[in-house]
There are 2 protein chains.
Amino acid sequence: MIKCSYCQEVSGIRKTGKIRGKQRFFCKYCNRHFTTGKNQEETVATQKDGITIKDIAAEVGVSISTVSRALNGSKEIHSATKEMILRKVEELDYQQHYIATSLVRKQTFTIGIIVPELKTDFYANLISGANEILRPKGYKIFAMQSDESFEHEIANTNALIASRVDGIIASTTFETKGFAHFERAKEKKIPVVFFSRINNVVDAPKIVVDNYMGAKMATEHLIERGYGKLGFLGGSDNLHIGNLRFQGFMDTLDKHGIKSQEKWIIRTDQLLSDPHRIILELLREKDRPDAVFTMTDTIGIHLIKCARTLKIDIPNELGLIGFSDYIVSQYISPSLSTMRQPTREIGMEAASRLLKAIANKNDKNYRDNTTTVLMPELVTRESTDRVKNRSRAGTPSRQQ
Amino acid sequence: MIKCSYCQEVSGIRKTGKIRGKQRFFCKYCNRHFTTGKNQEETVATQKDGITIKDIAAEVGVSISTVSRALNGSKEIHSATKEMILRKVEELDYQQHYIATSLVRKQTFTIGIIVPELKTDFYANLISGANEILRPKGYKIFAMQSDESFEHEIANTNALIASRVDGIIASTTFETKGFAHFERAKEKKIPVVFFSRINNVVDAPKIVVDNYMGAKMATEHLIERGYGKLGFLGGSDNLHIGNLRFQGFMDTLDKHGIKSQEKWIIRTDQLLSDPHRIILELLREKDRPDAVFTMTDTIGIHLIKCARTLKIDIPNELGLIGFSDYIVSQYISPSLSTMRQPTREIGMEAASRLLKAIANKNDKNYRDNTTTVLMPELVTRESTDRVKNRSRAGTPSRQQ
DNA sequence: GAAACTATCGGGAACGATTCCGGTGACTGA
DNA sequence: TCAGTCACCGGAATCGTTCCCGATAGTTTC
């Protein structure tokens, strides 16, 4: 790197202090001192793209190895040298090149999160929760959205693999049929953690809320409030989550020896595409349920609006409880009882588990495919408050 | 790369078809054919981390240059060779290494978005909008959150620079005082686009909604509905946005020759920390306003709850309009009139402008520091519907 | 006083791609 | 037959780091 300006020798050069701001060297072959510094020709070509450690090394008069040591807190460096280097780094506004570092370190400090939709409250909160764990550890987040499209999910996964992320957190789409893309990631030593919409195919940590217990708690709540003709509204049964919630509902009825009617139980995806028609049909029955458990708050909110249209009094003529604690649920009138999901905690837990998997990536005895089950929390509001209507306060989160 | 197995010569080797699945070569020096393929020793050491183009090249029997050409759609390659390579790529499940590519291409196809809070509806929508533009172009998004902390904002910016993102989209924090970090990014040829909370310091494209006009429209709406004693509720005046909205309000009053009272105009950050106390104080005045324009929907929602407590009838005794169209606003009862911000469009516009800046990065004559102003849209709901109360339908977005 | 050790540093090989440059054989046209 | 052109390909430099290995001078140990 440093060449003696007399004999052109490159080895046997040692630095010997400074003179007028320039580093002074000693060549043991010609036994003479010399200095480095840009000459005129070099100064012309100064318009570079960015400062590299090579520049720092040249300016300070050390090798790039030494600069690297200074930058990475190595012990094998003299404190004075380190100081000089760090001062020059400051002066030239050097910024580490993570790309180059990642290439040799084989670690990018990047993790990818794939969700069906970025703007949904649930997923935004989840990413935020994961960020709380990941940011302090120096990880950056690739936020990707699959738009409920299997193809996009695969494309996203491949992009993350190509970007050599250190790990992936994912919730699959409704239409996800295969998991080869995730298996590919795992083959390439990229740990994966699933949440919410999980599967039994890929060997990976999974985080879910207890949908079955949540449904039981919701149903118990309706019964406890004195409702007895219970209905269920949900999507079709191709979604694992839906099945669990439905099962919890049915089992609770059984437990209490309550019989529901077939027409009070609606499980169809039309509830997502054309909710009002389906709901109004149910509510116009002469013999309608006196309380309904909806698979999601979204459906519950639709139901509230339909009830408003038909002038049905919630909670007195009709009790209602949802699932998820959608942000709107506390503000709608009547406010909607629901099972709150610990969204932020799911994100944090997923991130923690992922970090653990990353740390043990090379230990082939390590294997974590356990499913963490977080318990949802019953939130009682006006829609099941049969005795008297209380108004409850809630604080909207800050907005723009 | 390919060495003749007889004479060890490396130049003058040409491939001459296949034999039993192995590539056949011809060495012009020894005038003999030979084949390549893994021998026993090599097979032992097969447990590698990942497939590289070097592996592909070796398997197919071409140079890595040729593999690169096949992968990047170069014209300088025989279609048959290309096909062979692509087949092997498929077979070995080769996945491009973006990190390595980025290093030499000096482009990462990554852009960073810095927002005060990821989980806020406004910002989540914005990121989603930006994603709509960026994903089809092959860009990935680093989603970063500043938590309204100036320090975090700087740290995030530095991390993005170190990651050599191709561009940055940012909305600054409330407490952002300096912009040196953004200037640093620009010096390193990383284009920056600001949105919403903008500044006049950094020379960059900016996207905002017209807060002044929005406020005028909101105020006009109140007047048009027959309200005459108008109040304003907002944060303190250290926020540009707040000033614009306040100015729009005042100018509209002036224009109509309406006089407001000082006590009806509240501009303090206590509205964010302790809203109910401030609002209740105002509403308990004997001589209170008959309509209020709140700087944000959040404040408006607090006001609705306070009015409920005091049994003040909205909209008949008190009219109310907010700003931003917070997701809750359409569901709260009474639903809240507001100025809707085209959130998604802001994200899309910011992304488009950023891409344009990236494309012209090296053209030093190119310079875009224009501010795009998007118009907010008046959404009338029950809170200003003085004549009669209509119920309005709205569709909640899909949730988990 | 030789050997062993320590503190400090430089050289150079990776990492996994892209890309410039030059080479080779085949073909074309005079 | 020979120069010129074209299609195709390989070699090697390069991107900006990290990190292993070896070198050196000074210090300590026996």
Side-chain angles (χ1 to χ4, degrees), chain A residues 1-3 9-16 23 25-26 28 48-58 60-82 84-85 94-108 162-164, chain B residues 1-3 9-16 23 25-26 28 48-58 60-82 84-85 89 94-108 162-164 188:
Chain A
M1 183 101 293
I2 318 291
K3 207 189 289 185
E9 196 59 50
V10 291
S11 61
I13 309 287
R14 305 204 63 76
K15 59 187 169 71
T16 61
Q23 181 63 47
F25 294 93
F26 182 72
K28 71 167 186 176
K48 303 196 20 170
D49 235 30
I51 306 290
T52 72
I53 56 170
K54 212 182 280 184
D55 300 314
I56 306 283
V60 179
V62 294
S63 74
I64 59 169
S65 314
T66 304
V67 176
S68 177
R69 272 187 277 260
L71 258 28
N72 291 296
S74 163
K75 298 249 142 244
E76 291 189 11
I77 187 172
H78 196 85
S79 60
T81 315
K82 183 169 175 177
M84 279 172 51
I85 292 174
Y94 165 78
Q95 194 92 27
Q96 194 181 3
H97 197 307
Y98 282 178
I99 299 293
T101 305
S102 297
L103 183 60
V104 30
R105 283 247 185 99
K106 295 176 179 309
Q107 194 183 12
T108 55
S163 300
R164 295 301 191 271
Chain B
M1 183 100 294
I2 317 291
K3 206 188 290 183
E9 196 59 50
V10 290
S11 61
I13 308 288
R14 306 205 62 75
K15 58 187 170 71
T16 61
Q23 181 62 47
F25 294 93
F26 182 72
K28 70 167 187 176
K48 301 195 23 168
D49 235 29
I51 306 291
T52 71
I53 56 169
K54 211 182 282 183
D55 300 316
I56 306 282
V60 179
V62 295
S63 74
I64 58 168
S65 317
T66 305
V67 176
S68 178
R69 272 187 276 260
L71 258 29
N72 291 296
S74 164
K75 297 251 141 241
E76 290 190 12
I77 187 173
H78 196 85
S79 61
T81 316
K82 183 169 175 178
M84 279 172 51
I85 293 175
V89 161
Y94 165 78
Q95 194 94 25
Q96 194 181 5
H97 197 306
Y98 283 178
I99 300 293
T101 304
S102 298
L103 184 60
V104 29
R105 284 248 184 98
K106 294 175 179 312
Q107 194 182 11
T108 55
S163 300
R164 296 301 193 271
K188 297 187 187 329

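Numbers restart at 1 for each chain; the letters A, B, ... are given by sequence-line order, proteins then strands. Computation of the quantities below employed the complete heavy-atom set of this structure, encompassing side-chain atoms and omitting hydrogens, waters and symmetry-equivalent molecules.
- Side chain of B:Thr108 to backbone of B:Arg164: a donor-acceptor contact under 3.5 angstrom is found.
- Contact annotation for A:Ile53: base contact, defined as any heavy-atom pair under 4.0 Å involving a base atom.
- As a whole-Å value, the separation of A:Lys75 NZ from C:dC9 C1' is 17 Å.
- Among C:dG16, C:dT18, D:dG16, the nucleotide with an atom closest to any side-chain atom of B:His97 is C:dG16.
- Taking atom CG of B:Leu103 as the reference point, atom P of D:dC15 lies 9 Å away to the nearest angstrom.
- The NZ atom of A:Lys54 sits 9 Å away from the C1' atom of D:dC15 (whole-angstrom rounding).
- Between B:Ser63 and the phosphate of D:dG11, there is no side-chain N or O to OP1/OP2 separation shorter than 4.0 Å.
- Scanning all heavy atoms of the two residues, the minimum distance from A:Tyr94 to A:Ile51 falls at CD1-O, 3.3 Å.
- Rounded to whole Å, the distance from NZ on B:Lys82 to P on D:dC9 is 12 Å.
- Here C:dT8 is the nucleotide among C:dT8, D:dG16, D:dT17 with the atom lying nearest to any side-chain atom of A:His78.
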Detail all sub-3.5 Å separations between protein N/O atoms and N/O atoms belonging to nucleotides 19-22 of chain C.
{"from": "C:dT19", "atom 1": "OP1", "to": "B:Arg105", "atom 2": "NE", "distance (Å)": "3.4"}
{"from": "C:dT19", "atom 1": "O4", "to": "B:Ser65", "atom 2": "OG", "distance (Å)": "3.4"}

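- Atom CD1 in B:Ile99 sits about 13 Å away from atom C1' in D:dG16, given to the nearest Å.
- In terms of phosphate contacts, B:Gln96 brings a side-chain nitrogen or oxygen within less than 4.0 Å of OP1 or OP2 of C:dT18.
- Here A:Thr52 does not reach the OP1 or OP2 of D:dG16: none of its side-chain N or O atoms lies under 4.0 Å away.
- Using a 4.0 Å heavy-atom criterion, one finds that A:Tyr98 contacts no nucleic acid atom at all.
- In this structure, the NZ atom of A:Lys106 is 14 Å from the C1' atom of C:dA13, given to the nearest Å.
- B:Asn72 places no side-chain N or O within 3.5 Å of a backbone atom of B:Arg69 that could act as its donor or acceptor partner.
- With A:Ser102 contributing its side chain and A:Tyr98 its backbone, the two residues share a donor-acceptor pair below 3.5 Å.
- To the nearest angstrom, C1' of C:dA17 lies 14 Å from CD of B:Gln95.
- Side chain to side chain, A:Ser63 and A:Thr66 meet the donor-acceptor criterion of an N or O pair below 3.5 Å.
- The nearest whole Å value for the distance from the CG atom in B:Asp55 to the C1' atom in C:dA17 is 13 Å.
- Judged purely by atom type and a 3.5 angstrom limit, A:Thr101 uses its side chain to pair as donor or acceptor with the backbone of A:His97.
- A:His78 places no side-chain N or O within 3.5 Å of a backbone atom of A:Thr81 that could act as its donor or acceptor partner.
- Considering only the side chain of B:Thr81, D:dC8 comes nearest among D:dG11, D:dC8, D:dT17.
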